[in-house]
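One structure is given here, and the rest of the page talks about it.
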Amino acid sequence: MYRDKGCGEIVESDIGKVLTLSGWVFRWRDHGGLIFIDLRDRSGIVQVVFSPDVSKEAHELAHTLRSEYVIKIKGEVRKRPEGTENPDIPTGDLEIYADTLEILSRADPLPFMIDEPKEISESLRLKHRYLDLRRPEMLGNLITRHRVTKQIRDYLDREGFLEIETPMLTKSTPEGARDYLVPSRVNPGHFYALPQSPQLFKQILMCSGIERYFQIVKCFRDEDLRADRQPEFTQVDLEMSFVEVDDVIATVEGMLAHVFKETLGVEIELPMQRLTYRDAMERFGTDKPDLRFGLELVEMEDLARQGSFKVFLSALDSGGRVKGLLGKGLAGLSRKEIDLLTEEAQSYGAKGLAWIKVKDGFESPITKFFPDGVLSEMADRLGAEQGDMMLFVADQEETTLDVLGRLRLSIAKRQGLIKDGFKFCWIVDYPLLEWDDEEGRFQAMHHPFTSPADEDIERMLKEDISDREGLASLKAKAYDIVLNGYEIGGGSIRIHRPDVQRKMFELLQISEEEARIKFGFLLDALRFGAPPHGGLALGLDRLVMIMVGAESIRDVIAFPKTQKAVCLLSGAPSPVEEKQLKELHIKLDIVE
RNA sequence: GGGGUGGUAGUUCAGCACGGUUAGAACGCCGGCCUGUCACGCCGGAGGUCGCGGGUUCGAGUCCCGUCCACCCCGCCA
């Protein structure tokens, strides 16, 4: 028998009881006479006292204890003497007097300290992940993640969803991200792909009459990593039959409200805010706006036309845009700091950055191009006050919005304008198609199975809209959900009519033959009575990251990979035996 | 593929602009002392291929070139 209960579970009513506890030596304070041990297990920490008055033998052995030894002790729970309570831990009023001590496992000196208040380099943490995960913060993250998935399962179960697994060894889909490939031994030269998402299978499940499906599932994308992107990540994937956009949104809102309530005790206000894609781009310069602060982008075209600043006028004349952004509290920037800000704007693709300081009037090399009334109107529109700076970008529309959107975020961070809390919003009314310069054709903005808006379906089928403007005007029944500036999920109502799907492929310049090879099994399924359906996938890692306030999804994944997609713990990926390659009919061709 | 930051003791860092004693600090580790500590305290000690390779120099942790690793960002991620 190793223990009666967890270290963190010792309570007042245990006083006087003799209990057995097991755990790790978190910290020890050896006074020679008395020895205090903070004993830690998953449930928490309790102070164990070794006194020669209680057990000479146990006290003797306790001198040899070191960090992270695993021990078992037995002793009486007592109230701590008055004045020696520790208010910082839940069990701080109690302690246990050990009369027996057994060392279950010794530990070498650690590569880093578990209770280290300093930041440990991440590569060291990843190499010794088993130690890193012992840190209370990391343990807490994993516990939160568990609770989130548990609440999601409970909620969706209650709503009539069935959790169904889909294949990990599946078919490569050339659209989208790069696939991870797995060679087939029994089919030389053929490969499976690991799923980027269970998209096609969940639609087929709808065709199978499942009606409500979900899965908490690993997905794989062989693309470069970021703080919020890992090559393998987890989606909460769901799909529903006989639904419209509002039905999916309501279901997901209910689920998230439930999850936040049950895991963090946070009430989410429903319904969540919705922004059209167009509005999000105009006001925030991105389709994943952080709504925890203001600094919205402001239209400046009419005012720019009233001045004689050539940069603005020529941008407008060539069909571009001029928009402004409030540089809150930036009037004190030196010329050098403004240059840095300009360089930042240029790194985002702008040709330059126009600025006007607001302090006892307007201060800028460009004030001379504008009448005073126009300058005041600019300040009014931006809400610029004494001590602020007005920033302007004039460029082609895409660049203008993108640059200002990034600057907005960067300035808010720098100025500490981002408030705590959880700000959700839905982005709706996405364009159906997106021009791809590289390929010289339109691509599906979401994916090729996304349904066009009802009014556009008729236009698509009946009218000739093959010109660029016509195609760009088509709207999709697609939606993304954004939390604090992170895209945490997205989905759509799918096409369930074979004729619409055929037309879609035509617009994407995917030939019938190509479509048959790539997605034939889905097209077949649509022919035999496919219900209207739609769904969404949530990025679980990102969601939990935001919930626990982590900076990277690596902190909510037990065994994540580095930026070069390496697992420092296991050493994957690694070369394999020649024999394995031979079995798989693979010859290496590595270009040095 | 590109831009940036970092790499010095087990850990976190200082030292580098301006090359020149024996490369320091804190924590950890080892030994000793300590009966109310809780980041215990006090005394003593050990511990370094300055990421790696090359170059400049009488002399390189410090300057130059290359390279590897980690992180942040751009591209990429339907």
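Letters A, B, ... mirror the listed sequences (proteins, then strands); counts begin at 1. Heavy-atom basis, side chains included; hydrogens, waters and symmetry copies ignored.
- Counting heavy-atom neighbours within 6.0 Å of A/Lys288 NZ, excluding the residue itself, gives a total of 12 or less.
- For A/Gln215, the side chain to side chain contact (heavy atoms under 4.5 Å, CB included) test picks out A/Glu165, A/Thr166, A/Pro198, A/Tyr213, A/Val217, with sequence neighbours left out.
- Under the side chain to side chain contact (heavy atoms under 4.5 Å, CB included) criterion, A/Glu223 pairs with A/Ala177, A/Arg178, not counting sequence neighbours.
- Counting non-hydrogen atoms of other residues, nucleotides and ligands closer than 6.0 Å to CH2 of A/Trp24 gives a total of 12 or fewer.
- Checked by distance alone, A/Arg406 brings no side-chain donor or acceptor within 3.5 Å of a matching partner on the base of B/C73.
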Please list, for nucleotides 2-7 of chain B, all pairs of protein and nucleotide N/O atoms separated by less than 3.5 Å.
none

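- The residue among A/Phe36 and A/Lys564 whose nearest nucleotide of RNA chain B lies closer to the 5′ end is A/Phe36.
- One interatomic measurement links the two molecules: CG of A/Leu225 to P of B/C69, which rounds to 14 Å at whole-angstrom precision.
- Rounding to whole angstrom units, CG of residue A/Asp480 and C1' of B/C77 are separated by 13 Å.
- In this structure, the CG atom of A/Asp222 is 12 Å from the P atom of B/A78, given to the nearest Å.
- Following rounding to the nearest Å, A/Asp224 (CG) and B/C72 (P) show an atom-to-atom distance of 13 Å.
- Taking atom P on both nucleotides, B/C16 is separated from B/C63 by 10 Å, rounded to a whole Å.
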Discussion item. Counting primed atoms plus P, OP1 and OP2 as sugar-phosphate and everything else as base, spell out the protein contacts along nucleotides 42-49 of chain B at 4.0 Å heavy-atom distance: B, S or - for each nucleotide, 5' to 3'.
Written reply: --------

Can you tabulate the close N/O pairs, meaning under 3.5 Å, that link protein atoms to atoms of nucleotides 10-17 of chain B?
{"residue": "B/G10", "atom": "O2'", "partner": "A/Pro111", "partner atom": "O", "Å": "2.9"}
{"residue": "B/U12", "atom": "OP1", "partner": "A/Ser121", "partner atom": "N", "Å": "2.8"}

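- Counting non-hydrogen atoms under 4.0 angstrom, A/Glu95 reaches a base of the nucleic acid.
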Could you list, one pair per line, each protein nitrogen or oxygen that sits under 3.5 Å from a nitrogen or oxygen of nucleotides 32-35 of chain B, together with the distance?
{"residue": "B/C34", "atom": "N1", "partner": "A/His31", "partner atom": "O", "Å": "3.2"}
{"residue": "B/C34", "atom": "N3", "partner": "A/Asp30", "partner atom": "O", "Å": "3.0"}
{"residue": "B/C34", "atom": "N3", "partner": "A/His31", "partner atom": "O", "Å": "3.4"}
{"residue": "B/C34", "atom": "N3", "partner": "A/Gly32", "partner atom": "N", "Å": "3.4"}
{"residue": "B/C34", "atom": "N4", "partner": "A/Asp30", "partner atom": "O", "Å": "3.3"}
{"residue": "B/C34", "atom": "N4", "partner": "A/Gly32", "partner atom": "N", "Å": "3.3"}
{"residue": "B/U35", "atom": "OP2", "partner": "A/His31", "partner atom": "O", "Å": "3.4"}
{"residue": "B/U35", "atom": "OP2", "partner": "A/Gly33", "partner atom": "N", "Å": "2.9"}
{"residue": "B/U35", "atom": "O4'", "partner": "A/Leu34", "partner atom": "N", "Å": "3.2"}
{"residue": "B/U35", "atom": "O4", "partner": "A/Asp53", "partner atom": "OD1", "Å": "3.1"}

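- Nucleotides B/G19 and B/U57 have their C1' atoms positioned 9 Å apart, rounded to a whole Å.
- Remark: A/Glu398 CD is loosely packed, at most 12 non-hydrogen atoms of other residues, nucleotides or ligands lying under 6.0 Å away.
- Between A/Arg66 and the phosphate of B/C30, there is a side-chain N or O to OP1/OP2 separation shorter than 4.0 Å.
- Residue A/Ala227 places its side chain closer to B/C72 than to any other of B/A70, B/C72, B/C76.
- Atom NZ of A/Lys79 is surrounded by more than 12 heavy atoms from other residues, nucleotides or ligands within 6.0 Å.
- Put simply, OH on A/Tyr180 is 12 Å from C1' on B/C77, counting in whole angstrom units.
- Across B/A39 and B/G20, the matching C1' atoms stand 40 Å from one another, rounded to whole Å.
- Shown here is A/Arg278, whose CZ atom has more than 12 heavy atoms of other residues, nucleotides or ligands within 6.0 Å.
- Residue side chain A/Arg226 reaches the base of B/G75 through a donor-acceptor N/O pair under 3.5 Å, judged by distance alone.
- A cation-pi geometry, defined here as NZ or CZ lying under 6.0 Å from the six-membered ring centre and within 45° of its normal, holds between A/Arg408 and A/Phe293.
- Summarising the local packing, CD of A/Gln346 is surrounded by more than 12 heavy atoms from other residues, nucleotides or ligands at distances under 6.0 Å.
- Distances shorter than 4.0 Å separate some side-chain N or O of A/Arg221 from OP1 or OP2 on B/A78.
- One atom, CG of A/Asp402, and another, P of B/C73, lie 15 Å apart when rounded to the nearest Å.
- For the C1' atom pair drawn from B/C68 and B/G51, the interatomic distance equals 8 Å after rounding to whole Å.
- The shortest distance between the side-chain N/O atoms of A/Ser347 and the OP1/OP2 oxygens of B/C74 is not below 4.0 Å.
- In this structure, B/C27 forms a base pair with B/G10, meeting either the Watson-Crick or the G-U wobble geometry with both donor-acceptor distances under 3.5 Å.
- If you check B/C34 for Watson-Crick or wobble pairing at under 3.5 angstrom, you find it has no partner at all.
- Residues satisfying the side chain to side chain contact (heavy atoms under 4.5 Å, CB included) test with A/Asp456, not counting sequence neighbours, are A/Pro452, A/Ala453, A/Arg459, A/Leu474, A/Lys475.
- As the counterpart of B/C71, B/G4 is assigned, both hydrogen-bonding distances of the Watson-Crick or G-U wobble pattern falling under 3.5 Å.
- Residues forming a salt bridge (charged side-chain N to carboxylate O under 4.0 Å, His left out) with A/Asp480 (at least two apart in sequence, or on another chain): none.
- Counting any heavy atom pair closer than 4.0 Å across all strands shown, A/Arg125 reaches no nucleic acid atom.
- Qualifying side-chain hydrogen bond (donor to acceptor under 3.5 Å, both in side chains) partners for A/His31, counting only residues two or more places apart in sequence or in other chains: none.
- For A/Arg29 and B/C40, the shortest distance from a side-chain N or O to OP1 or OP2 is below 4.0 Å.
- In the set B/A70, B/C72, B/A78, the nucleotide with an atom closest to the side chain of A/Leu568 is B/A70.
- The aromatic rings of A/His447 and A/Phe449 sit tilted, their planes meeting at an angle between 30° and 60°.
- Legend: residues meeting side chain to side chain contact (heavy atoms under 4.5 Å, CB included) with A/Pro532, ordered by chain and number and at least two apart, are A/Phe242, A/His496.
- For the salt bridge (charged side-chain N to carboxylate O under 4.0 Å, His left out) with A/Glu68, the qualifying choice from A/Arg106, A/Arg27, A/Arg40 is A/Arg40, the only one to do so.
- Side-chain contact, A/Glu344 with A/Ser410: a donor N or O sits under 3.5 Å from an acceptor N or O.
- Figure legend. B/C58 is base-paired to B/G20; pairs are counted as Watson-Crick or G-U wobble with both atom distances under 3.5 Å.
- A heavy atom lying under 4.0 Å from RNA chain B marks the following residues of residues 81-93 of chain A, by number: A/Pro81, A/Thr84, A/Glu85, A/Asn86.
- Among the heavy atoms of the strands lying under 4.0 Å from A/Arg27 are primed sugar atoms or P, OP1, OP2 only; no base atom is included.
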Practice prompt. Could you please spell out the steps behind the side chain to side chain donor-acceptor pair (under 3.5 Å) verdict for A/Arg494 and A/Ser492?
Written response: CA-CA 6 Å; A/Arg494 328 296 183 188; A/Ser492 63; 2.6 Å; yes

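- Heavy-atom neighbours of A/Gln415 CD from other residues, nucleotides or ligands within 6.0 Å: above the threshold of 12.
- For A/Asp287, the side-chain hydrogen bond (donor to acceptor under 3.5 Å, both in side chains) test picks out A/Tyr430, with sequence neighbours left out.
- In this structure, A/Phe449 and A/Glu551 both approach RNA chain B, and ranking their closest nucleotides by distance from the 5' end singles out A/Glu551.
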